[in-house]
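The structure appears right after this line, and notes come after that.
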Amino acid sequence: MAILFQARISIGVFYALNHLTRTPIPKYFKRSMEFQSNAGQRTKDDIDPKALNADEISESIMPHLLNLYGSCASSEDFEIYAPNAIFEDPLMRAHGVKQIKSAFYSLPKIFSESRIVEYTLKANTTAPGNAEVLIESKQHYKIFGKSVDLASLIKLKMEHGKIVRHEDWWDKKPPKSRETVKLPVVGRAAEIARRGSMLVTHVLMGFGKDPSP
(Lines give C-alpha, C1' and ligand atoms only; values in the text may rest on other atoms or scores of the structure.)
Protein backbone atom coordinates (compact mmCIF):
# COMPACT_ATOMS: atom_id res chain seq x y z
CA MET A 1 0.00 0.00 0.00
CA ALA A 2 2.86 2.40 0.79
CA ILE A 3 4.23 2.01 -2.72
CA LEU A 4 0.88 2.93 -4.26
CA PHE A 5 0.58 5.95 -1.98
CA GLN A 6 4.07 7.18 -2.84
CA ALA A 7 3.31 6.65 -6.52
CA ARG A 8 0.21 8.86 -6.43
CA ILE A 9 2.01 11.54 -4.41
CA SER A 10 4.81 11.56 -7.02
CA ILE A 11 2.43 12.09 -9.95
CA GLY A 12 3.70 15.63 -10.58
CA VAL A 13 7.24 14.43 -11.15
CA PHE A 14 6.11 11.68 -13.49
CA TYR A 15 3.79 13.99 -15.38
CA ALA A 16 6.57 16.52 -15.87
CA LEU A 17 9.06 13.94 -17.06
CA ASN A 18 6.38 12.28 -19.19
CA HIS A 19 8.56 9.24 -19.78
CA LEU A 20 5.92 6.62 -19.21
CA THR A 21 3.75 5.77 -22.19
CA ARG A 22 0.27 4.34 -22.24
CA THR A 23 0.14 0.62 -21.65
CA PRO A 24 -1.37 -1.41 -24.53
CA ILE A 25 -4.21 -3.80 -23.86
CA PRO A 26 -2.67 -7.04 -22.54
CA LYS A 27 -3.11 -10.07 -24.76
CA TYR A 28 -4.90 -11.99 -22.02
CA PHE A 29 -7.75 -9.43 -22.14
CA LYS A 30 -8.33 -10.12 -25.81
CA ARG A 31 -11.26 -12.37 -25.02
CA SER A 32 -12.95 -9.67 -22.93
CA MET A 33 -12.62 -7.13 -25.70
CA GLU A 34 -13.91 -9.59 -28.29
CA PHE A 35 -16.88 -10.21 -26.01
CA GLN A 36 -17.73 -6.52 -26.29
CA SER A 37 -17.36 -6.61 -30.07
CA ASN A 38 -19.38 -9.80 -30.47
CA ALA A 39 -22.24 -8.16 -28.57
CA GLY A 40 -23.21 -6.25 -31.71
CA GLN A 41 -21.14 -3.21 -30.74
CA ARG A 42 -23.27 -2.69 -27.63
CA THR A 43 -22.45 0.40 -25.61
CA LYS A 44 -23.46 1.86 -22.26
CA ASP A 45 -26.29 3.68 -24.08
CA ASP A 46 -27.73 0.33 -25.18
CA ILE A 47 -28.47 -0.78 -21.62
CA ASP A 48 -32.16 -1.31 -21.04
CA PRO A 49 -32.64 0.35 -17.63
CA LYS A 50 -35.64 -1.89 -16.95
CA ALA A 51 -33.70 -5.11 -17.56
CA LEU A 52 -30.45 -4.70 -15.64
CA ASN A 53 -28.92 -8.03 -14.68
CA ALA A 54 -25.43 -9.44 -14.15
CA ASP A 55 -25.00 -10.47 -17.80
CA GLU A 56 -26.23 -7.12 -19.09
CA ILE A 57 -23.90 -5.22 -16.77
CA SER A 58 -20.89 -7.42 -17.45
CA GLU A 59 -21.43 -7.16 -21.18
CA SER A 60 -21.79 -3.38 -21.31
CA ILE A 61 -19.72 -2.14 -18.35
CA MET A 62 -16.77 -4.48 -17.77
CA PRO A 63 -14.92 -3.85 -21.07
CA HIS A 64 -14.80 -0.17 -20.15
CA LEU A 65 -13.66 -0.81 -16.57
CA LEU A 66 -10.90 -3.08 -17.88
CA ASN A 67 -9.73 -0.22 -20.09
CA LEU A 68 -9.79 2.22 -17.17
CA TYR A 69 -7.74 0.00 -14.90
CA GLY A 70 -5.56 -1.15 -17.80
CA SER A 71 -4.22 2.37 -18.54
CA CYS A 72 -5.75 2.39 -22.01
CA ALA A 73 -8.93 4.38 -21.43
CA SER A 74 -10.52 6.64 -24.02
CA SER A 75 -13.19 9.29 -23.55
CA GLU A 76 -15.88 6.78 -24.56
CA ASP A 77 -15.01 4.53 -21.62
CA PHE A 78 -16.19 7.22 -19.18
CA GLU A 79 -19.67 7.37 -20.67
CA ILE A 80 -20.66 4.57 -18.30
CA TYR A 81 -20.78 7.20 -15.53
CA ALA A 82 -23.54 9.63 -14.65
CA PRO A 83 -22.38 13.29 -14.90
CA ASN A 84 -22.17 13.73 -11.11
CA ALA A 85 -20.77 10.27 -10.32
CA ILE A 86 -18.40 9.76 -7.40
CA PHE A 87 -15.27 7.61 -7.49
CA GLU A 88 -13.42 6.74 -4.32
CA ASP A 89 -10.42 4.60 -3.38
CA PRO A 90 -8.05 4.82 -0.37
CA LEU A 91 -6.08 7.64 -2.04
CA MET A 92 -8.61 9.76 -3.92
CA ARG A 93 -12.20 10.93 -3.93
CA ALA A 94 -13.38 12.24 -7.31
CA HIS A 95 -16.57 14.22 -7.86
CA GLY A 96 -17.91 14.21 -11.40
CA VAL A 97 -16.75 12.62 -14.64
CA LYS A 98 -13.95 15.15 -15.25
CA GLN A 99 -12.24 14.28 -11.97
CA ILE A 100 -12.79 10.57 -12.56
CA LYS A 101 -11.02 10.99 -15.89
CA SER A 102 -8.06 12.64 -14.17
CA ALA A 103 -7.84 9.81 -11.65
CA PHE A 104 -7.64 7.10 -14.31
CA TYR A 105 -5.68 9.06 -16.93
CA SER A 106 -2.96 9.47 -14.28
CA LEU A 107 -2.32 5.71 -14.07
CA PRO A 108 -0.07 5.36 -17.14
CA LYS A 109 1.89 8.42 -15.98
CA ILE A 110 2.80 6.56 -12.80
CA PHE A 111 2.79 2.83 -13.51
CA SER A 112 4.55 0.99 -16.31
CA GLU A 113 1.89 -1.72 -15.89
CA SER A 114 -1.62 -1.67 -14.45
CA ARG A 115 -4.50 -4.03 -15.01
CA ILE A 116 -7.25 -6.15 -13.51
CA VAL A 117 -5.91 -9.68 -13.71
CA GLU A 118 -9.15 -11.47 -12.93
CA TYR A 119 -12.60 -10.66 -11.60
CA THR A 120 -15.96 -12.04 -10.52
CA LEU A 121 -19.08 -9.92 -10.90
CA LYS A 122 -22.31 -10.12 -8.93
CA ALA A 123 -25.27 -7.78 -9.37
CA ASN A 124 -28.40 -7.14 -7.36
CA THR A 125 -31.26 -5.19 -8.94
CA THR A 126 -32.69 -2.81 -6.33
CA ALA A 127 -35.33 -1.15 -8.54
CA PRO A 128 -36.13 -0.87 -12.26
CA GLY A 129 -32.97 0.49 -13.84
CA ASN A 130 -31.04 0.50 -10.55
CA ALA A 131 -28.51 -2.04 -9.34
CA GLU A 132 -25.74 -2.63 -6.83
CA VAL A 133 -22.73 -4.40 -8.34
CA LEU A 134 -19.91 -6.17 -6.52
CA ILE A 135 -16.74 -7.03 -8.45
CA GLU A 136 -14.11 -9.07 -6.64
CA SER A 137 -10.88 -8.46 -8.49
CA LYS A 138 -7.16 -9.01 -8.45
CA GLN A 139 -5.20 -5.97 -9.61
CA HIS A 140 -1.59 -5.78 -10.77
CA TYR A 141 0.68 -2.73 -10.90
CA LYS A 142 4.36 -2.22 -11.64
CA ILE A 143 6.42 0.81 -10.65
CA PHE A 144 10.19 1.25 -10.55
CA GLY A 145 10.40 -2.35 -11.79
CA LYS A 146 8.60 -3.64 -8.68
CA SER A 147 5.31 -5.51 -8.98
CA VAL A 148 2.45 -4.73 -6.62
CA ASP A 149 -0.55 -7.06 -6.49
CA LEU A 150 -3.66 -6.53 -4.42
CA ALA A 151 -7.10 -8.00 -3.90
CA SER A 152 -9.85 -5.46 -4.38
CA LEU A 153 -13.61 -5.22 -4.00
CA ILE A 154 -15.10 -2.80 -6.53
CA LYS A 155 -18.56 -1.58 -5.56
CA LEU A 156 -20.77 0.11 -8.13
CA LYS A 157 -24.12 1.79 -7.61
CA MET A 158 -26.10 2.19 -10.82
CA GLU A 159 -29.15 4.32 -11.52
CA HIS A 160 -30.95 4.38 -14.87
CA GLY A 161 -28.16 2.27 -16.38
CA LYS A 162 -25.36 4.65 -15.34
CA ILE A 163 -22.77 4.39 -12.56
CA VAL A 164 -23.43 7.03 -9.88
CA ARG A 165 -20.95 5.71 -7.33
CA HIS A 166 -17.75 3.69 -7.82
CA GLU A 167 -15.78 2.55 -4.77
CA ASP A 168 -12.55 0.56 -4.88
CA TRP A 169 -11.88 -1.21 -1.58
CA TRP A 170 -8.24 -2.34 -1.43
CA ASP A 171 -7.84 -5.57 0.51
CA LYS A 172 -11.66 -5.49 0.55
CA LYS A 173 -11.65 -2.79 3.24
CA PRO A 174 -13.58 0.48 2.84
CA PRO A 175 -11.62 3.74 2.54
CA LYS A 176 -11.20 5.52 5.86
CA SER A 177 -13.96 8.00 6.61
CA ARG A 178 -16.01 9.30 9.52
CA GLU A 179 -18.31 6.31 9.06
CA THR A 180 -15.63 3.60 8.90
CA VAL A 181 -13.18 4.49 11.70
CA LYS A 182 -13.67 4.71 15.46
CA LEU A 183 -12.43 8.30 15.76
CA PRO A 184 -14.44 10.64 13.51
CA VAL A 185 -11.62 13.18 13.50
CA VAL A 186 -9.28 10.60 11.97
CA GLY A 187 -11.86 9.71 9.35
CA ARG A 188 -12.41 13.36 8.52
CA ALA A 189 -8.66 13.90 8.09
CA ALA A 190 -8.53 10.93 5.71
CA GLU A 191 -11.43 12.36 3.68
CA ILE A 192 -9.69 15.74 3.40
CA ALA A 193 -6.43 14.07 2.34
CA ARG A 194 -8.19 12.11 -0.42
CA ARG A 195 -9.91 15.22 -1.73
CA GLY A 196 -6.62 17.12 -1.68
CA SER A 197 -4.85 14.33 -3.55
CA MET A 198 -7.64 14.31 -6.14
CA LEU A 199 -7.59 18.06 -6.69
CA VAL A 200 -3.81 18.13 -7.17
CA THR A 201 -4.06 15.25 -9.63
CA HIS A 202 -6.94 16.98 -11.42
CA VAL A 203 -4.82 20.10 -11.99
CA LEU A 204 -1.78 18.13 -13.14
CA MET A 205 -3.86 16.09 -15.57
CA GLY A 206 -5.34 19.16 -17.25
CA PHE A 207 -8.70 19.04 -15.46
CA GLY A 208 -9.73 15.75 -17.02
CA LYS A 209 -8.62 16.62 -20.54
CA ASP A 210 -8.97 13.68 -22.90
CA PRO A 211 -5.69 12.53 -24.50
CA SER A 212 -5.08 13.18 -28.16
CA PRO A 213 -6.19 10.29 -30.44
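Because only heavy atoms are used, hydrogens play no part in the values below, and waters and symmetry mates are left out as well, while side chains stay in. Heads up: numbering here begins at 1 and tracks the sequence. The shown structure was predicted, so the numbers you read here are calculated from the model rather than taken from an experiment.
The side chain to side chain donor-acceptor pair (under 3.5 Å) check on Thr125 picks up nothing, with sequence neighbours excluded. Taking the side chain to side chain donor-acceptor pair (under 3.5 Å) definition, one finds that Asp210 meets it with Lys101, Tyr105, sequence neighbours left out. Every residue two or more places apart in sequence or in another chain that forms a side chain to side chain donor-acceptor pair (under 3.5 Å) with Lys172 is listed here: Glu136. Tyr81 pairs by the side chain to side chain donor-acceptor pair (under 3.5 Å) definition with His166, not counting sequence neighbours.
Remark: side-chain polar atoms of Ser114 are paired, donor with acceptor, to backbone N or O of Tyr69 under 3.5 angstrom.
How far CG of Leu199 is from CD of Gln99: 5.5 Å, rounded to the nearest 0.5 Å.
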Check your understanding: Please walk me through it: do Ile135 and Leu65 pass side-chain contact (heavy atoms from CB on, under 4.5 Å)?
Key -> CA-CA 11 Å; Ile135 305 170; Leu65 288 180; 3.8 Å; yes
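Side chains of Thr201 and Ser102: no donor on one and acceptor on the other come within 3.5 Å.
Between Ala54 and Leu121, the shortest heavy-atom contact is O-CD2, 3.9 Å. When every heavy atom of Lys155 is checked against every heavy atom of Leu134, the shortest pair comes out as CG-CD2, 3.7 Å.
The salt bridge (charged side-chain N to carboxylate O under 4.0 Å, His left out) analysis of residues 186-195, with sequence neighbours excluded, yields the pairs Glu88-Arg194, Arg178-Glu191, Arg188-Glu191. Applying the salt bridge (charged side-chain N to carboxylate O under 4.0 Å, His left out) definition to pairs two or more places apart or across chains, none involves residues 122-132.
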